[in-house]
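Heavy atoms only: backbone and side chains are in, while hydrogens, waters and symmetry mates are out. Computed from a predicted structure; not experimentally measured. Remember, it's 1-based here, ligands and their atoms both numbered in the order they're listed.
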Amino acid sequence: MTDSEKKIGLLVVISGPSGAGKGTICKELIESGEFWLSVSATTRSPRTGEVEGKNYYFLEKENFLNKIKQGDFLEYAEVYGNYYGTPKSKVIEKLEEGKDVILEIDIQGALKVKETYSKGVFIFILPPSMEELKNRIIKRGSETPESLMTRFKSAYKEINYVSKYNYAVVNDKIEEAVNKIKSIIIAEKCSVERIQENIVSKEGLIHEQLYD
Ligand code: 5GP
């Protein structure tokens with residue numbers, strides 16, 4: 001394969017309301033070894049069991065704001081009173097290596113990525129019902145009653161954004177949802193438009209779109 005035929009990885013953006021099961025789905029996808037999951041930075045405190053550099057990079061607010069100024073994030077957003085952001089350079093590096101990259105980010109962040117990199121595949125995860133969504137957040141046990149209500153109320157608003165995404169996957173049974181996502185990715189890779197783009201793509205193509 002020559003430089004001019006260099007294969008660029010697929011950027012897969014996964015969003016959905018809190019409790020829809022994005023985290024579990026992404027974990028399963030990563031365990032298959034076929035994808036690279038971007039680790040986000042956040043100003044929120046670690047939950048029990050969360051590991052620095054694995055779940056998140058936990059940053060002080062000042063440090064996070066500096067990184068915004070330096071243009072280190074592909075996107076960032078304030079979610080439930082904390083900042084979250086996707087470190088840019090690693091994502092670009094992996095895509096350029098031809099690796100498929102998964103971003104598990106909120107809707108504001110996903111829409112920002114879509115503006116700059118519409119070639120991404122944008123997948124929205126839906127819960128089977130709102131009742132089930134609530135049960136899942138309660139079961140997780142990581143939220144205070146106030147934060148539970150905030151997340152639950154946000155979920156009603158967030159679901160309206162499903163129309164901005166390319167695909168919607170209902171997460172009733174994890175295995176089925178994961179298989180659907182893998183099938184979406186396989187289908188996207190067979191898209192004639194993408195195949196043609198990959199053939200003509202030159203080094204730097206990603207830079208032009210993501211680096212600004
Ligand atoms: P949590 O605090 O439950 O880990 O995450 C809260 C929300 O922030 C989730 O919807 C999650 O997808 C989102 N999130 C995690 N990392 C990022 C990121 O890098 N950027 C954006 N925009 N949202 C993120």
Does the side chain of [X] come under 3.5 Å of the side chain of [Y] through a donor N or O and an acceptor N or O?
X	Y	result
Tyr84	Gln108	no
Tyr76	Thr86	no
Arg140	Ser18	yes

Are any of the N or O atoms of Gly16 closer than 3.5 Å to those of ligand 1? no
Hey, which atoms in ligand 1 end up nearer than 4.0 Å to a heavy atom of [X]?
X	answer
Ala77	22 (N)
Arg47	1 (P), 2 (O), 3 (O), 4 (O)
Gly109	22 (N)
Arg44	1 (P), 2 (O), 4 (O)

How far is [atom] from the closest protein heavy atom, and which atom is that?
atom	answer
atom 16 (N) of ligand 1	Ser40 OG, 3.1 Å
atom 7 (C) of ligand 1	Val79 CG1, 3.8 Å
atom 13 (C) of ligand 1	Asp106 N, 3.7 Å
atom 4 (O) of ligand 1	Tyr56 OH, 2.5 Å
atom 12 (O) of ligand 1	Glu104 OE2, 3.2 Å
atom 10 (O) of ligand 1	Lys22 NZ, 2.9 Å
atom 20 (N) of ligand 1	Glu75 OE2, 2.7 Å
atom 14 (N) of ligand 1	Tyr84 CD2, 3.8 Å

Transitive ILVMFWY side-chain link Tyr80 to Tyr161, under 4.5 Å: no
Heavy-atom contact under 4.0 Å between Ser18 and ligand 1?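 Checking ligand 1 against Ser18, which is what was asked, there is no heavy-atom contact under 4.0 Å.
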Is the shortest side-chain heavy-atom distance between Ile174 and Ile25 below 4.5 Å? yes
Indicate yes or no: at least one non-hydrogen side-chain atom of Leu29 is less than 4.5 angstrom from one of Ile14.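 With C-beta onward as the side chain, the pair touches.
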Okay, side chain of [X], backbone of [Y]: is any donor-acceptor separation there less than 3.5 Å?
X	Y	answer
Asn55	Val51	yes
Asn166	Phe122	yes
Lys164	Lys114	no

Between Arg151 and ligand 1, which part of the residue brings a heavy atom under 4.0 Å of the ligand: side chain, backbone, both or neither? side chain
Do NZ/NE/NH1/NH2 and the carboxylate oxygens of Lys99 and Glu93 come within less than 4.0 Å?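 No, this pair does not count.
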